[in-house]
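Working notes, beginning with the structure itself.
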Amino acid sequence: MADADSLDANVLTHDAALLKDAVRDAGALAQSMFRTELKKWTKGASSPVSEADIAVNDLLEARLRGATPDYGWLSEESADDATRLSRRLTWVVDPIDGTRNYLNGHDEWCVSVALVEEASPVLAAVFAPVSNEFFFAVRGQGTILNGKPVRATGGTALDFARVAGPKPMVERLTTGGDIKLHPRIGSLALRLCRVANGTLDAAFAGGNSHDWDLAAADLIVQEADGRMSDLSGDPILYNRREVTHGVLVAAGRDRHASIVAHFRNRPLA
């Protein structure tokens, strides 16, 4: 990379290959356990987790941390280690995004992993094994889906049948008439990534999402000529002490600017 302070290109290339292989293998492991009898339990108030989440997390941790012991680690299924805050590079991991879908035998779940430098993602992989969608992005190099470049849709108009997210949030974009939203996508990472390949014009996260839900999808959207931010337009910062985020929107560059301008004039209560 041209900037002397940025991540060395050889390191980035090495880590990109490592990430691709690890996420593919993690997806294969998750798929091998899909629709089988699994031990499952609830953490926190209502968050489901299963032995598959833990097995995939263990595989990713062994492969990624094993190869990069100096990097930080932040995963939904690992105890938080505050030493990540002092690391320049940190893996941000959701072993199975959409665990509820996964446990109910529904197809839309994925493995989501990003490498974050300081507060911004530089590598990202999101793999949905059932639909065979493998999104991959490297900072400054674009987004690919199954090896082919993809881009978010252009323009500013909204076809609400191509917008996904909480209906009350989306309804704030229009002043009249009932809207028909795109069917719910239970994996937040996958919902956001489908902006990157033009399946969706826009996608919202309704609040209380976490770094591991977002970091990989964020880079994937950005590198597909899209934008992802909070409703004020401010970028999302990762690997901070607080890893929970509020309402967010992802869309192609021009549409995103239009949506942010709309909410700037009509802020949420």
Side-chain angles (χ1 to χ4, degrees), residues 1 3 5-23 25-27 30 43-44 47 49 53-99 110-127 135-140 187-189 192-193 205 207-223 228-230 234-246 248:
M1 303 234 174
D3 183 346
D5 291 329
S6 65
L7 190 58
D8 181 85
N10 291 329
V11 172
L12 197 63
T13 299
H14 170 270
D15 289 349
L18 172 69
L19 177 60
K20 278 184 182 176
D21 288 345
V23 169
D25 289 348
K43 63 181 181 181
S47 184
V49 62
D53 297 87
I54 304 305
V56 173
N57 188 67
D58 289 350
L59 182 154
L60 288 167
E61 187 167 10
R63 295 280 292 278
L64 297 175
R65 292 190 91 176
T68 57
D70 294 333
Y71 293 8
W73 180 262
L74 174 63
S75 170
E76 181 176 16
E77 306 304 346
S78 298
D80 194 7
D81 180 353
T83 61
R84 65 180 172 79
L85 298 170
S86 63
R87 304 296 171 92
R88 180 181 180 185
L89 292 162
T90 295
W91 295 110
V92 179
V93 177
D94 195 340
I96 299 178
D97 184 72
T99 295
C110 64
V111 179
S112 177
V113 183
L115 181 63
V116 168
E117 182 184 20
E118 304 298 350
S120 301
V122 293
L123 291 175
V126 170
F127 181 30
F135 293 88
F136 194 80
V138 180
R139 184 174 63 186
S187 160
L188 178 55
L192 297 166
C193 284
N208 201 37
S209 53
H210 298 81
D211 279 15
W212 46 78
D213 302 307
L214 305 169
D218 192 348
L219 184 65
I220 286 164
V221 169
Q222 286 186 54
E223 290 295 326
M228 183 168 142
S229 72
D230 64 23
D234 291 333
I236 306 160
L237 302 178
Y238 299 99
N239 195 36
R240 299 305 176 95
R241 192 170 299 279
E242 177 55 60
V243 299
T244 304
H245 302 272
L248 307 169

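In terms of the side-chain contact (heavy atoms from CB on, under 4.5 Å) criterion, residue partners of N208 (sequence neighbours excluded) are, by chain and number, H210, T244. Every salt bridge (Lys or Arg N to Asp or Glu O under 4.0 Å) that R84 has, sequence neighbours left out, goes to D80. The side-chain contact (heavy atoms from CB on, under 4.5 Å) check on A205 picks up L188, S209, L248, with sequence neighbours excluded. Residues passing the salt bridge (Lys or Arg N to Asp or Glu O under 4.0 Å) test with K20, sequence neighbours excluded: none. Checked against side-chain hydrogen bond (donor to acceptor under 3.5 Å, both in side chains), D21 has no partners two or more places apart in sequence or in another chain. With sequence neighbours excluded, the residues satisfying side-chain contact (heavy atoms from CB on, under 4.5 Å) with R240 are A119, L237. Scanning for salt bridge (Lys or Arg N to Asp or Glu O under 4.0 Å) contacts around D58 gives an empty result, with sequence neighbours left out. With sequence neighbours excluded, the residues satisfying side-chain hydrogen bond (donor to acceptor under 3.5 Å, both in side chains) with D53 are S50, T99. Partners of A125 by side-chain contact (heavy atoms from CB on, under 4.5 Å), not counting sequence neighbours, listed by chain and number: L19, V23, F134, F136. In this structure Y238 satisfies the ring pair (Phe, Tyr, Trp, His ring centres under 6.0 Å) test together with H245, sequence neighbours excluded. The side-chain hydrogen bond (donor to acceptor under 3.5 Å, both in side chains) test applied to E61 returns R65, not counting sequence neighbours. By the side-chain hydrogen bond (donor to acceptor under 3.5 Å, both in side chains) test, E223 pairs with no residue at all, sequence neighbours left out.
Under the 3.5 Å distance criterion, the side-chain polar atoms of S120 are left unmatched by any main-chain donor or acceptor of E117.
Shortest non-hydrogen contact noted between V113 and A216 is O-CB, 3.5 Å.
In this structure, CG on D97 lies 6.0 Å from OG on S112, to the nearest 0.5 angstrom.
Within the 4.5 Å cutoff, the side chain of L89 has no heavy atoms near those of the T68 side chain.
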